[in-house]
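Okay, structure first, notes after.
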There are 2 protein chains.
Amino acid sequence: MKLSTKGEYGTRLLLDVALHSRGEPVQLRDIARREKLSLWYLEHLVAPLVAGGIVRTTRGPKGGVSLARPLEEIKLSDIIQQLEGSTAPIACIDDPKFCDRSGSCVTRDIWGEIQKATDNVLESLTLKDLVERHKQKEEAKQPMYFI
Amino acid sequence: MKLSTKGEYGTRLLLDVALHSRGEPVQLRDIARREKLSLWYLEHLVAPLVAGGIVRTTRGPKGGVSLARPLEEIKLSDIIQQLEGSTAPIACIDDPKFCDRSGSCVTRDIWGEIQKATDNVLESLTLKDLVERHKQKEEAKQPMYFI
DNA sequence: CTCTTTCTTGACTATTTCGGTCAACTTAGT
DNA sequence: ACTAAGTTGACCGAAATAGTCAAGAAAGAG
Ligand code: FES
Ligand code: FES
């Protein structure tokens with residue numbers, strides 16, 4: 001049940017863009033520095049995100065990455081779908097022809113339920129939620145001087 | 001979010017034992033034939049199941065595999081735990097020291113929720129549930145002549 | 001127009017994990 | 001003893017992962 005680094009880093013990439021975008025694009029180089037990721041690896045994460053319409057990029061000086069949609073319209077499931085493909089724990093869920101004993105397989109139903117459970121979480125969360133959670137954590141760190 | 005064949009085959013192995021055990025042990029050779037799995041691969045699945053106290057084996061003639069506990073006391077989570085290890089989508093959930101930005105990481109919380117979601121499913125199901133579902137499917141296949 | 005900055009694309013490699021096979025060994029019954 | 005099981009651990013090939021890099025194309029600045 002492992003998530004690959006694509007999904008992991010990709011989510012952090014998006015969150016980083018969300019947190020640091022102030023109108024202008026965010027540069028990959030800065031993301032790499034902040035998130036301690038290899039610039040060359042990031043490039044491979046951006047491509048599918050562009051293809052999935054999650055992100056726009058502009059080249060040249062002052063270029064970089066910016067979100068293609070409002071925060072609250074980018075679901076975590078979109079990100080994972082784009083970077084990891086299906087969340088099915090096993091191939092025959094997406095493609096019943098994959099296993100022969102298709103219909104009568106009890107275990108297949110179970111894996112289906114697991115997929116549904118994780119999809120529920122992923123679809124209920126948007127980048128906006130992540131940003132808000134992040135801010136809450138930040139505030140929790142600072143004692144509230146203003147009281 | 002993939003399940004490896006260990007978890008997949010292991011679950012089928014256990015279900016097969018549950019369905020065909022009539023007091024005596026079930027032989028690996030028969031399981032391999034019925035489930036169309038390699039006998040040599042099955043051996044690697046049995047070892048951890050024995051270690052986890054899920055299954056007992058007896059050697060020699062008429063030997064084989066039998067369940068170490070009643071059907072309803074074998075949870076799917078036990079099986080997966082034993083064959084796949086943790087269900088954590090990412091290492092830093094089990095071992096916070098794995099990532100440095102431990103406490104403040106928002107995405108980590110998400111992966112934790114996903115793990116919890118899948119664990120909920122896995123812990124709510126026992127081998128007994130699987131057997132019952134199987135029987136239901138069997139009955140559904142046969143038209144009810146007895147009406 | 002040209003130079004620089006930035007993303008883009010695709011090739012390449014190293015490492016790890018997976019899936020599978022096998023042989024030698026141990027144990028238990030007959 | 002003999003035979004029929006499971007046990008253990010070595011081994012291998014293929015594939016997926018993770019990561020690096022270089023050549024190129026677009027966009028701005030001057
Ligand atoms: S049908 Fe694919 S695992 Fe049973
Ligand atoms: S702490 Fe491990 S992914 Fe953030």
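All values reported here derive from a predicted model rather than from experimental measurement. Numbers restart at 1 for each chain; the letters A, B, ... are given by sequence-line order, proteins then strands.
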Write down the atom of B/Ile93, the atom of B/Gly112, and the distance for their closest heavy-atom approach. CD1-N, 3.3 Å
Nearest-neighbour nucleotide for the B/Trp40 side chain, C/dC22, C/dT8, C/dG10 considered: C/dC22
Check the pair B/Thr107, A/Glu8 against side-chain hydrogen bond (donor to acceptor under 3.5 Å, both in side chains), reporting the backbone distance first and the verdict last. CA-CA 8 Å; B/Thr107 57; A/Glu8 178 194 347; over 6 Å; no
Heavy-atom nearest nucleotide on DNA chain D for B/Val65 versus A/Pro61: which residue maps closer to 5'? B/Val65
Test of understanding: clusters of I, L, V, M, F, W, Y form through side-chain heavy atoms closer than 4.5 Å, transitively. Do A/Val26 and A/Leu71 belong to the same one? yes
What residues from residues 17-33 of chain B pass a heavy-atom cutoff of under 4.0 Å to DNA chain D? B/Gln27, B/Leu28, B/Arg29
Does A/Ile114 belong to the same Ile/Leu/Val/Met/Phe/Trp/Tyr cluster as A/Leu76, with side-chain heavy atoms less than 4.5 Å apart forming each link? no
Extract from the structure each pairing of a protein N or O with an N or O of nucleotides 25-27 of chain C at less than 3.5 Å, listing the distance.
from   : atom 1 : to      : atom 2 : distance (Å)
C/dT26 : O2     : B/Arg59 : NH1    : 3.2
C/dT27 : O4'    : B/Arg59 : NE     : 3.4

Please figure out whether A/Leu3 or B/Val46 has its closest DNA chain D nucleotide nearer the 5' end. B/Val46
Closest approach of B/Gln115 and B/Ser86, non-hydrogen atoms and distance? NE2-OG, 3.5 Å
Any chance you could measure A/Ile79, atom CD1, to A/Leu45, atom CG, to the nearest 0.5 Å? 11.5 Å
C/dT9 C1' sits how many Å from A/Leu45 CG, rounded? 15 Å
Please determine if a side-chain N or O atom of B/Ser38 lies less than 4.0 Å away from the OP1 or OP2 oxygen of C/dT21. yes
side-chain N/O B/Tyr41 vs C/dC18 OP1/OP2, d < 4.0 Å: no
Donor-acceptor contact below 3.5 Å, side chain A/Arg69 vs main chain A/Gly53: yes
Side chain proximity check, A/Thr11 to A/Leu14, heavy atoms < 4.5 angstrom: no
Would you find a donor on one side and an acceptor on the other, under 3.5 Å apart, between the side chain of B/Lys2 and the backbone of A/Leu3? no
Can you measure A/Leu39 atom CG to C/dT5 atom C1' for me and round it to whole angstrom units? 13 Å
Could you measure the distance from the CG atom of B/Leu39 to the CZ atom of B/Arg33? Nearest 0.5 Å is fine. 11.5 Å
Using atom CG of B/Leu42 as one end and atom P of C/dT21 as the other, report the distance to the nearest whole Å. 11 Å
Touch check for A/Val50, heavy atoms < 4.0 angstrom, all strands: base, sugar-phosphate only, or nothing? nothing
More than 12 heavy atoms from other groups under 6.0 Å of CZ on A/Arg34: yes
Covered region of DNA chain D, 5' end to 3' end, by chain B [heavy atoms, under 4.0 Å]: D/dA4 to D/dA10
In short, A/Val17 meets A/Val65 closest at the heavy-atom pair CG1-O, 4.0 Å
Whole Å only: how far is the CD atom of A/Glu43 from the P atom of C/dC12? 17 Å
In whole Å, I'd like the distance from the NZ atom of A/Lys62 to the P atom of C/dC7. 12 Å
When you measure only distances, ignoring hydrogens and angles, does the side chain of A/His44 come within 3.5 Å of the base of C/dT8 through a donor and an acceptor? no
How many Å lie between CE on A/Met1 and P on C/dT17, as a whole number? 18 Å
